[in-house]
Amino acid sequence: MRAGGTVLVRVRYAPSPTGALHIGGARTALFNFLFARHHRGRFVLRVEDTDQTRLVPGSEAAMMAGLKSLGLTWDEGPDVGGDFGPYRQSERLSLYRRYLEQLEAEGKAYRCYCTPEELQAERERQRAQGLPPRYSGRCRHLSATERAARAGRPSVLRLKVPEGGTTVVDDLIRGPVRFEHAVLDDFVLCKTDGTPVYNFAAAVDDHAMAITHVIRGEEHLSNTPKQILVAEALGFALPQYAHVPMILAPDRSKLSKRHGATSVEEYRAQGILPEALVNYLLLLGWSPPDGNELMSLEQAVAAFDLQRVQHTAAIYDQKKLEWMNAQYLRRLSLERVIEALGPFLAAAGVDPGGGPPLAAAVALTRERARTLAELADQLTFFYRAPERYDLEGAAKYFRHPDTAERLEALAERLQPLAAAWTALALGEAFEELAREWGVKRAEIIHPVRLAVTGRTVGPGLFELMEVLGPGACLDRIRRAAQAIRQGVVGR
RNA sequence: GGCCCCAUAGUCUAGAGGCCUAGGACGCCGGACCCUCAUUCCGGAAACAGCGGUUCGAAUCCGCUUGGGGCUACCA
């Protein structure tokens with residue numbers, strides 16, 4: 001397990017397949033990925049599915065798809081295999097059984113025959129007395145005859161936690177964290193049905209998979225002494241631990257569905273680019289040494305360092321995510337943006353087939369959009385004549401009594417330009433007309449934008465008209481004039 | 001309740017005792033540019049939770065308080 005004289009770094013992301021890939025999970029995976037790549041180590045994906053009752057069908061595949069969409073690829077995992085497989089805990093039961101038997105044989109763990117009802121009652125009693133709810137250790141002190149009398153009854157296996165002493169978690173981010181054994185109870189290692197419990201399985205697998213660094217959410221910090229106790233009982237060397245702060249909702253509570261989008265899939269559906277989401281997530285809890293916030297995955301790999309991980313929980317901010325997305329919308333290649341835009345155009349009912357080149361239209365529009373959904377919406381008029389005109393706009397720009405006449409005159413004047421239909425030529429034509437009519441250029445521009453796009457906002461009119469082409473432009477200008485004459489709009 | 005973690009503007013953060021008159025980013029407000037919107041560019045408001053120590057000196061170290069979060073399952 002050595003490369004270049006140092007231990008090969010091995011980290012893991014170990015989700016439970018109970019739902020979609022959450023942004024908190026995505027960020028944990030991202031930090032693991034960056035740490036592994038930075039140290040030229042291995043990134044392992046392990047599925048923690050010991051509790052089959054909580055399993056949500058399809059979530060494992062969805063979670064993997066989410067990770068892949070973000071560019072977070074793993075070296076070992078359930079789908080790609082590896083030397084330390086299998087990578088689903090449900091397929092590793094025999095391994096757990098072996099260690100469980102070892103602990104019992106060595107007297108480091110014992111059978112507990114208390115029923116869930118008894119334990120529940122015990123906890124309630126303790127709570128009522130203002131005591132911390134903890135397992136009393138009743139079955140720990142069963143005599144041999146008492147034990148023999150209960151043999152065959154349903155039981156769980158509990159770890160004998162040392163009576164006194166302390167376990168110290170040496171956290172790479174937070175420093176040493178001490179836990180008195182007196183506050184821990186003899187926790188369950190293995191359920192009645194024989195399946196292992198998280199704290200046991202995780203400790204076993206981190207060792208069995210030669211994990212060197214356990215990088216996970218802060219919610220696991222309190223569990224860590226239990227896992228260390230298991231590892232020590234089994235004689236395992238310990239990995240290093242690093243607990244990263246949680247991501248909270250704007251009201252400082254745990255992020256949940258009621259706060260809007262929380263899964264990677266939902267952000268994709270909103271029109272957030274994976275590149276932007278990753279970059280944003282990177283900034284939640286980690287800060288680049290040079291202060292440059294916009295960085296690619298490759299740059300992040302080079303710069304990443306656990307030392308710069310924040311200790312405080314971060315509140316997720318949709319506004320900054322959207323700003324980040326806008327940055328990527330402008331910086332990414334047109335090809336990449338168009339590729340990602342596909343589904344959003346379809347959803348907006350836009351068929352870019354017959355119209356102007358999508359690249360030209362996107363080039364004019366992308367700096368005005370924050371999401372792909374917005375971009376698709378702003379692109380519609382390039383491929384579809386306006387079905388109606390912005391109401392406030394019409395009241396403002398179609399109101400002048402000469403509007404229809406002017407639009408018609410404009411169309412006539414522009415007609416000969418069809419062969420050389422450029423933004424420059426159009427600009428000059430508008431300039432001339434404005435002079436002839438003794439009006440400001442803007443007085444012509446606004447009604448025309450409304451006639452051509454149906455909207456009052458958008459790209460520069462001449463650029464937009466160039467891309468749209470003479471046919472569509474002249475047609476739309478004449479149609480607007482007609483609509484105004486018929487009193488359908490304006491006035 | 002017990003144990004654990006955390007605490008710089010609305011939000012993300014820089015800051016490892018003097019470099020801090022606390023820096024950057026998003027957002028917000030104002031201005032410039034402009035055919036609109038957006039971009040861009042200028043400018044602005046906005047923070048070291050409180051109280052005690054330690055020190056010549058504290059955002060930085062220590063303690064307490066307050067506040068937030070986590071764990072406390074035969075969930076992970």
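The chains referred to below are lettered A, B, ... by the order of the sequence lines, with proteins before strands, and numbering in each begins at 1. Treat the numbers as computed from the prediction; the structure is a model and nothing was measured.
Residues of residues 425-434 of chain A that place a heavy atom closer than 4.0 Å to RNA chain B do not occur.
Within the structure, salt bridge (charged side-chain N to carboxylate O under 4.0 Å, His left out) contacts touching residues 278-296 of chain A (residues at least two apart or in different chains) are E293(A)-K320(A). Sorted by first and then second residue, the salt bridge (charged side-chain N to carboxylate O under 4.0 Å, His left out) pairs with a member in residues 239-258 of chain A read D251(A)-R258(A); sequence neighbours excluded. Applying the salt bridge (charged side-chain N to carboxylate O under 4.0 Å, His left out) rule to pairs touching residues 428-441 of chain A yields R413(A)-E432(A), R413(A)-E436(A), E431(A)-R441(A), sequence neighbours excluded. Screening residues 116-135 of chain A for salt bridge (charged side-chain N to carboxylate O under 4.0 Å, His left out) gives no qualifying pairs among residues at least two apart or on separate chains.
The C1' atoms of rA22(B) and rU60(B) are separated by 12 Å, rounded to the nearest whole Å. Separation of the P atoms belonging to rC62(B) and rG18(B) is 16 Å when rounded to the nearest angstrom. Across the P atoms, rC37(B) and rG31(B) are found 13 Å apart, a figure rounded to whole Å. Using P as the reference atom, rC42(B) and rA25(B) are 10 Å apart when rounded to the nearest Å. The P atoms of rC64(B) and rC6(B) are separated by 14 Å, rounded to the nearest whole Å. rU65(B) sits 12 Å from rG2(B) when the P atoms are compared, rounded to a whole Å. Of the P atoms belonging to rG44(B) and rU36(B), the separation is 26 Å, rounded to the nearest Å.
Counting non-hydrogen atoms under 4.0 angstrom, Q310(A) reaches the backbone sugars and phosphates but no base. Residue F187(A) is out of contact with every strand shown, counting any heavy-atom pair closer than 4.0 Å. Among the heavy atoms of the strands lying under 4.0 Å from R308(A) are primed sugar atoms or P, OP1, OP2 only; no base atom is included. Residue G393(A) is out of contact with every strand shown, counting any heavy-atom pair closer than 4.0 Å.
We find that OH of Y241(A) is positioned 16 Å from C1' of rC4(B), with the value rounded to whole Å. Taking atom CG on L282(A) and atom C1' on rU13(B), their separation rounds to 12 Å, with Å as the unit. With rounding to whole Å, I315(A) atom CD1 is found 11 Å from rA9(B) atom P. Rounding to whole angstrom units, CD1 of residue I228(A) and C1' of rC4(B) are separated by 13 Å. Remark: P of rC5(B) and CG of D170(A) are 13 Å apart, rounded to the nearest angstrom. Summarising the geometry, the separation between NZ on K320(A) and C1' on rA9(B) is reported as 13 Å, rounded to the nearest angstrom.
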Name every donor-acceptor pair, under 3.5 Å, that has one atom in a side chain of residues 158-170 of chain A and the other anywhere in the protein, sequence neighbours excluded.
{"residue": "R158(A)", "atom": "NH1", "partner": "D186(A)", "partner atom": "O", "Å": "2.7"}
{"residue": "K160(A)", "atom": "NZ", "partner": "G107(A)", "partner atom": "O", "Å": "3.2"}
{"residue": "T167(A)", "atom": "OG1", "partner": "H181(A)", "partner atom": "NE2", "Å": "2.7"}

Show the atom names and distances, to 0.1 Å, of all donor-acceptor pairs under 3.5 Å that link a side chain in residues 223-233 of chain A to residues at least two apart or in another chain.
{"residue": "T224(A)", "atom": "OG1", "partner": "R216(A)", "partner atom": "NH1", "Å": "3.1"}
{"residue": "T224(A)", "atom": "OG1", "partner": "H220(A)", "partner atom": "O", "Å": "2.9"}
{"residue": "T224(A)", "atom": "OG1", "partner": "L221(A)", "partner atom": "O", "Å": "3.2"}
{"residue": "T224(A)", "atom": "OG1", "partner": "H243(A)", "partner atom": "NE2", "Å": "3.2"}
{"residue": "Q227(A)", "atom": "OE1", "partner": "N199(A)", "partner atom": "ND2", "Å": "3.0"}
{"residue": "Q227(A)", "atom": "OE1", "partner": "R216(A)", "partner atom": "NH2", "Å": "3.2"}

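The side-chain hydrogen bond (donor to acceptor under 3.5 Å, both in side chains) test applied to Y113(A) returns no partner, not counting sequence neighbours. Contacts of S263(A) classified as side chain to side chain contact (heavy atoms under 4.5 Å, CB included), with partners at least two apart in sequence or in another chain: A20(A), E265(A), E266(A). With sequence neighbours excluded, the residues satisfying salt bridge (charged side-chain N to carboxylate O under 4.0 Å, His left out) with R88(A) are E60(A), E91(A).
Under the Watson-Crick or G-U wobble criterion, with both distances below 3.5 Å, rC33(B) is left unpaired in every strand shown. Partner assigned to rA73(B) is none, using Watson-Crick or G-U wobble distances below 3.5 angstrom. Base pairing analysis places rG67(B) opposite rC6(B); the two distances defining the Watson-Crick or G-U wobble pair are each below 3.5 Å. Across all strands shown, the partner of rC61(B) is rG53(B), judged by Watson-Crick or G-U wobble contacts whose two distances both fall under 3.5 Å. The nucleotide rC28(B) finds its pairing partner in rG44(B), both defining distances of the Watson-Crick or G-U wobble pair being shorter than 3.5 Å.
When distances are taken from the side chain of D317(A) to each of rA7(B), rG2(B), rG10(B), the shortest belongs to rG10(B). Side-chain atoms of E293(A) lie closest to rA25(B) of the nucleotides rC12(B), rA25(B), rA7(B). Candidate nucleotides rG1(B), rC12(B), rC3(B) were compared by shortest atom distance to the side chain of A314(A), and rC12(B) ranks first.
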Quick one: what's the B/S/- string for nucleotides 34-41 of chain B, heavy-atom cutoff under 4.0 Å, read 5' to 3'? -BBBBSS-
I need a per-nucleotide contact map over nucleotides 69-76 of chain B, read 5' to 3'. Cutoff is protein heavy atoms under 4.0 Å; write B for the base, S for backbone only, - otherwise. SBSSSBBB
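For Y389(A) and Y397(A), the distance between ring centers is not under 6.0 angstrom.
Taking both residues in full, the closest heavy atoms of A29(A) and L67(A) are given as CB-CD2, 3.5 Å, listed atom of the first, atom of the second, then distance.
Between F31(A) and F304(A), the two ring planes are tilted [angle within 30° to 60°].
The CZ atom of R27(A) sits 13.0 Å away from the CH2 atom of W286(A) when rounded to the nearest 0.5 Å.
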